[in-house]
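What you see is a predicted model; the values in this text were computed from it and never measured. Naming: A, B, ... by sequence-line order, numbering from 1 per chain.
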Amino acid sequence: MEKILREILLKAVSAQHAEVSSIEIEIPKEENFGDLSAPAAMTLSKSLKKPPRKIAEDIVNSIENKEIFEKIDIAGPGFINFTFTKTFLCSELKELIEKQDTLLTEDIGKGKRVQIEFVSANPTGPLHLGHGRGAALGAALSNLLSEAGYEVEKEYYINDAGRQVKLLGMSVFAKYKQLHGEDYPFPEDGYRGEYIEELAKEFRVQSPEFGVKDDNTLLKEITDFSYKKMLDAIKKDLADFGVNFDSWQSERELYTPLKSPPYKGGEWGGELQKSEVEDSIDELKNRGYIYEKDGATWFRATEFGDDKDRVIIKREGDYTYFAPDIAYHRKKVEKGFDEIIDIWGADHHGYIPRMQAVIQAIGYPKEHLRVLLVQMVTLLRGGKPVQMSKRAGEFITLREVMDEIGADTTKFLFLTRRSDSHLEVDIEVAKAQSSENPVYYVQYAHARINSIFEKARQEAIGERQKAADFNGELFNDEEMRIIKKLLIYPMMFRNATMAHEPHRITFYLQEIAGMFHPYYHKHRVVSEDLEITKARLALCRAIQIVLRHGLKILGVKAPERM
RNA sequence: GCGCCUGUAGCUCAGUUGGAUAGAGCAACUGCCUUCUAAGCAGUGGGCCAGGGGUUCGAAUCCCUUCAGGCGCGCCA
């Protein structure tokens, strides 16, 4: 319905000789302001040098097909308020039922390729709640974008090369030694969770011989064994959470020498073999953004608005963590995506400028990389915060919460807030099977509608009726209000897509459920009156279609019964 | 000290990207199960949008400033 209005308005506005690329359409706050509203006259007032109300009149006068409108008002400082006819709204409802998802979505992406990298937790321990929130967001966003016509790749970056993995290995190594009765010192900043001992025990089962290999070989074996085990555990957590990836990029791989140079502009080639890390530094060097100072190698990040230049190779010759990140992001760019999205913990926000500097240094606008930040999750139990201390190795894992309140509930709750705002999750509330719990509230609406259909089938109405075969004139005001809300879904979908904000869907679903439940309570759908029954069944069908679509994007099940 | 984020009802948070008289859920008090599911519904209260200034037809939203909180500012990862 918005789309049609947009076209009509665009025509009418261009008849005023005004230059407009897009027309703003909004939902008025008050019902008696109409169904949709356009502030165009006010925006145009300056360039047309005419008072807004006059412009509004002119626009209204040049609208050609007025038959779909009940009325068009000019109100306030110059709003044009549109009220649609019941007939038109009902034909839109019919179309929604017939075309379903194609009417709900819009091809915004037009096949553009987007990569979303998310979670990417170090394989040094189980996923915690923050990772879970990132996972829920990443998955929902990728569903949203693919529904909007983007081609999406979901990637997980495995930090399997850095200090953290070494530390994991050393921790398990020490535990392993201790298991064999050696008084071996535990590393200072080692990982202290219970899983460290588990890993040591598992390793002992796998390779029972002790004291045969030298410590270095053993440490290397234990390290590889441990991080792979942890990665498996992470993969299982994610799978059980209902989040899957298309691609797993290993950091180690970026360090391994390649047969031929991936960077076409490079000087080297032939016998010489370089890794992607080396090669990406070469590229930056050739482009003139690398220099030596104090014995270290620097990236000229200030060239692109970062606070300071960044060291890539330390004086001792080691790479900083930033070096593989450069290689990694260059690799993303070279894969040819039209947009790259990274989802990071909010504590990493300081790295955005330097990463975007890299993007610009290799010749792309900084908007090519979009970073979404995910804030902390605070876990409450009956209103009291659940204490966690990472130092002692105690933290709430995604697994624990998922086991207690279920994956669907967890995901939904993670998506009830803007991602960059703090989130509080109360376990007790999440477990409650009542209106306190927004997840069930929405799912219940879906299940309830389903049982109405069940009833209709028993009464043999379902079989005799095509879903879109109903008389819309029979709808009462309350039903019309719901229908308008349903027809706004595409607008909400569009806005959520543009803003990359899946939580808007969560809010919308709560609103539509909040309209259905009271309606259900007041009016019987399946009744003696066959014509009214048919109309109401159609309305229920439409609500269900919308609920199902929204829940699908959130990655939450739409249960048939509860 | 510098930078980023946040500040909206008692609590948790939305606010259609600058629109009309500021919204929801929870918590609190009161009712409703012979009916298509009570995991539900009906009713009642609650605001200096942190403070101040500015930009304009119009500001919770943009700019400046003050205050409060969080995070980040390494040749750590």
Side-chain angles (χ1 to χ4, degrees), chain A residues 24-30 33 37 39 42-43 45-46 51-53 75-79 81 122 124 159 162-167 189 293-298 307-308 310-322 345-353 373 375-376 380 383 416-418 420-426 429 432-445 447-456 458-459 488 491-492 494-496 498-499 503-504 506-508 510-511 513-514 516-527 533 536-537 540 561-562:
Chain A
E24 203 182 326
I25 292 176
E26 47 195 44
I27 301 150
K29 270 182 197 152
E30 278 198 44
F33 289 158
S37 171
M42 277 118 73
T43 345
S45 148
K46 205 168 258 174
R53 289 194 68 112
F79 288 99
N81 294 334
N122 288 337
T124 53
N159 292 94
R163 189 182 123 78
Q164 297 308 317
V165 165
K166 272 186 200 144
L167 208 54
D189 309 316
K293 194 182 92 185
D294 305 332
T297 304
W298 296 70
D307 292 345
K308 42 191 92 165
R310 307 291 171 179
V311 171
I312 298 177
I313 304 173
K314 302 179 206 171
R315 198 182 306 149
E316 294 79 25
D318 294 338
Y319 291 113
T320 62
Y321 77 96
F322 187 42
D347 51 336
H348 290 90
H349 67 82
Y351 304 105
I352 299 175
L373 299 175
Q375 267 293 357
M376 290 281 142
L380 307 174
T416 51
R417 304 274 178 267
R418 250 190 19 238
D420 57 352
S421 74
H422 280 272
L423 173 69
E424 291 192 349
V425 172
D426 194 313
V429 172
Q433 298 197 341
S434 71
S435 56
E436 283 178 70
N437 189 334
V439 192
Y440 289 118
Y441 190 73
V442 172
Q443 287 185 319
Y444 187 41
R448 251 186 171 168
I449 290 173
N450 207 61
S451 76
I452 292 172
F453 293 152
E454 206 55 50
K455 176 77 179 174
Q458 282 167 24
E459 307 287 327
I488 275 165
M491 249 177 116
M492 182 281 303
R494 178 196 172 83
N495 290 335
M498 305 289 253
H503 78 274
R504 292 176 187 234
T506 318
F507 273 89
Y508 176 91
Q510 292 183 76
E511 284 167 10
F516 170 72
H517 286 303
Y519 170 73
Y520 170 91
H521 192 254
K522 252 182 270 173
H523 307 283
R524 266 198 81 81
V525 173
V526 180
S527 67
T533 301
R536 290 182 174 172
L537 281 173
C540 287
R561 58 184 70 245
M562 291 170 75

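As a whole-Å value, the separation of A/Tyr440 OH from B/C41 P is 17 Å. Taking atom CD on A/Gln375 and atom P on B/A14, their separation rounds to 11 Å, with Å as the unit. Look at CZ on A/Arg53: it is 12 Å from C1' on B/A20, rounded to the nearest Å. A straight line from CG of A/Leu373 to P of B/G3 spans 19 Å, rounded to a whole angstrom. One interatomic measurement links the two molecules: CZ of A/Arg561 to C1' of B/C36, which rounds to 12 Å at whole-angstrom precision. In this structure, the CZ atom of A/Phe516 is 14 Å from the P atom of B/C36, given to the nearest Å. Rounded to an integer number of Å, the gap from A/Met491 CE to B/U17 C1' is 12 Å. Counting to the nearest Å, the P atom of B/C5 and the CE atom of A/Met376 are 18 Å from each other.
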Pairs under 3.5 Å (N/O, protein and nucleotides 54-59 of chain B):
none

Would you tabulate the pairs of protein nitrogen or oxygen atoms and nucleotide nitrogen or oxygen atoms of nucleotides 27-31 of chain B closer than 3.5 angstrom?
none

Grab the N/O contacts between the protein and nucleotides 11-13 of chain B below 3.5 Å, and write none if there aren't any.
unit_1, atom_1, unit_2, atom_2, d
B/U12, O2', A/Arg417, NH2, 2.8
B/C13, OP1, A/His422, O, 2.6
B/C13, O5', A/Arg417, NE, 3.3
B/C13, O2', A/Arg417, NH1, 3.2

Between protein and nucleic acid, restricted to nucleotides 74-77 of chain B and to nitrogen or oxygen atoms under 3.5 Å apart, what atom pairs and distances do you find?
unit_1, atom_1, unit_2, atom_2, d
B/G74, OP2, A/Lys308, NZ, 3.3
B/C75, O2, A/Arg315, N, 2.7
B/C75, N4, A/Asp294, O, 3.1
B/C76, OP2, A/Lys314, NZ, 2.8
B/C76, N4, A/Tyr351, OH, 3.4
B/A77, OP1, A/Lys314, NZ, 3.3
B/A77, OP2, A/Tyr321, N, 3.4
B/A77, O2', A/Gln164, NE2, 3.4
B/A77, N6, A/Tyr321, OH, 3.4
B/A77, N6, A/Tyr351, OH, 2.2
B/A77, N1, A/Tyr351, OH, 3.0

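A heavy-atom distance below 4.5 Å is not found between the side chains of A/Asn159 and A/Val165. Counting only heavy atoms from C-beta outward, the side chains of A/Thr416 and A/Leu423 approach each other to under 4.5 Å.
At least one donor-acceptor pair closer than 3.5 Å links the side chain of A/Ser421 to the backbone N or O of A/Arg418. For the pair A/Asp294 (side chain) and A/Ala296 (backbone), a donor-acceptor distance under 3.5 Å is absent. Proximity of a side-chain donor or acceptor of A/Ser37 to a complementary backbone N or O of A/Pro28 within less than 3.5 Å is not detected. Between the A/Arg561 side chain and the A/Asn450 main chain, no donor and acceptor come within less than 3.5 Å of each other.
Here the side chain of A/Lys29 is nearest to one of B/U17, B/G40, B/A20, namely B/A20. Out of B/A38, B/A20, B/C41, the shortest distance to the side chain of A/Ala75 is found at B/A20. For A/Arg504, whose side chain is taken as the heavy atoms from C-beta onward, the closest listed nucleotide among B/U16, B/C41, B/A14 is B/U16. The side chain of A/His521 has B/G40 as its nearest neighbour among B/G40, B/A20, B/A42. Checking B/G15, B/C36, B/A38 against the side-chain heavy atoms of A/Arg448 singles out B/A38 as nearest.
Between B/C33 and B/A42, the distance separating the two P atoms is 16 Å to the nearest Å. The separation of B/G18 from B/G74, taken at their P atoms, amounts to 34 Å, rounded to a whole angstrom. For the P atoms, the distance from B/A59 to B/G54 is 13 Å, rounded to whole Å. The same atom, P, is picked in B/C26 and in B/U65; the two are 41 Å apart, to the nearest Å. Between B/C67 and B/G58, the distance separating the two P atoms is 30 Å to the nearest Å.
For A/Glu511, the side chain to side chain donor-acceptor pair (under 3.5 Å) partners two or more places apart in sequence, or in a different chain, are A/Lys485. Remark: A/Arg494 engages A/Glu106 in a side chain to side chain donor-acceptor pair (under 3.5 Å) (not counting sequence neighbours).
Within the 4.0 angstrom heavy-atom criterion, only backbone atoms of the sugar-phosphate kind lie near A/Asp347; the bases stay farther away. Counting non-hydrogen atoms under 4.0 angstrom, A/His517 reaches the backbone sugars and phosphates but no base. Residue contacts shown for A/Asn81 include a base, since a base heavy atom lies under 4.0 Å away.
Using a 5.5 Å limit on the distance between ring centres and a 30° limit on the angle between planes, the aromatic ring of A/Phe79 does not count as stacked on the six-membered base ring of B/G19.
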### Message
Please determine whether side chain to side chain contact (heavy atoms under 4.5 Å, CB included) holds for the pair A/Glu26 and A/Phe79, giving the CA-CA distance in whole Å, both sets of side-chain angles, and the decisive distance to 0.1 Å.
### Response
CA-CA 10 Å; A/Glu26 47 195 44; A/Phe79 288 99; 3.9 Å; yes
### Message
Could you walk me through whether A/Arg417 and A/His503 satisfy the side chain to side chain contact (heavy atoms under 4.5 Å, CB included) test, starting with their C-alpha distance in whole Å, then the side-chain angles of each, then the deciding distance to 0.1 Å, before giving a yes or no?
### Response
CA-CA 6 Å; A/Arg417 304 274 178 267; A/His503 78 274; 5.9 Å; no
### Task
Please step through side chain to side chain contact (heavy atoms under 4.5 Å, CB included) for the pair A/Arg504 and A/Asn495, ending with a clear verdict.
CA-CA 8 Å; A/Arg504 292 176 187 234; A/Asn495 290 335; 3.7 Å; yes
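Under 4.0 Å is where a charged nitrogen must lie from a carboxylate oxygen, and between A/Asp189 and A/Arg163 at least one such pair does.
Taking the six-membered ring where the residue is Trp, A/His517 and A/Tyr441 present tilted rings, their angle falling between 30° and 60°. In this pair, A/Tyr519 and A/Phe516 present their aromatic rings tilted. The plane angle is within the 30 to 60° band.
Closest approach of A/Ala513 to A/Val442, counting heavy atoms only: CB-CA, 4.0 Å.
Summary of the strand contacts: A/Glu30 and A/Glu511 both lie near RNA chain B, and taking for each the nucleotide with the nearest heavy atom, the more 5' one is attributed to A/Glu511. With the nearest nucleotide of RNA chain B identified for both A/Met562 and A/Asn495, A/Asn495 has the one nearer the 5' end.
A donor-acceptor contact under 3.5 Å links the side chain of A/His349 to the base of B/C71.
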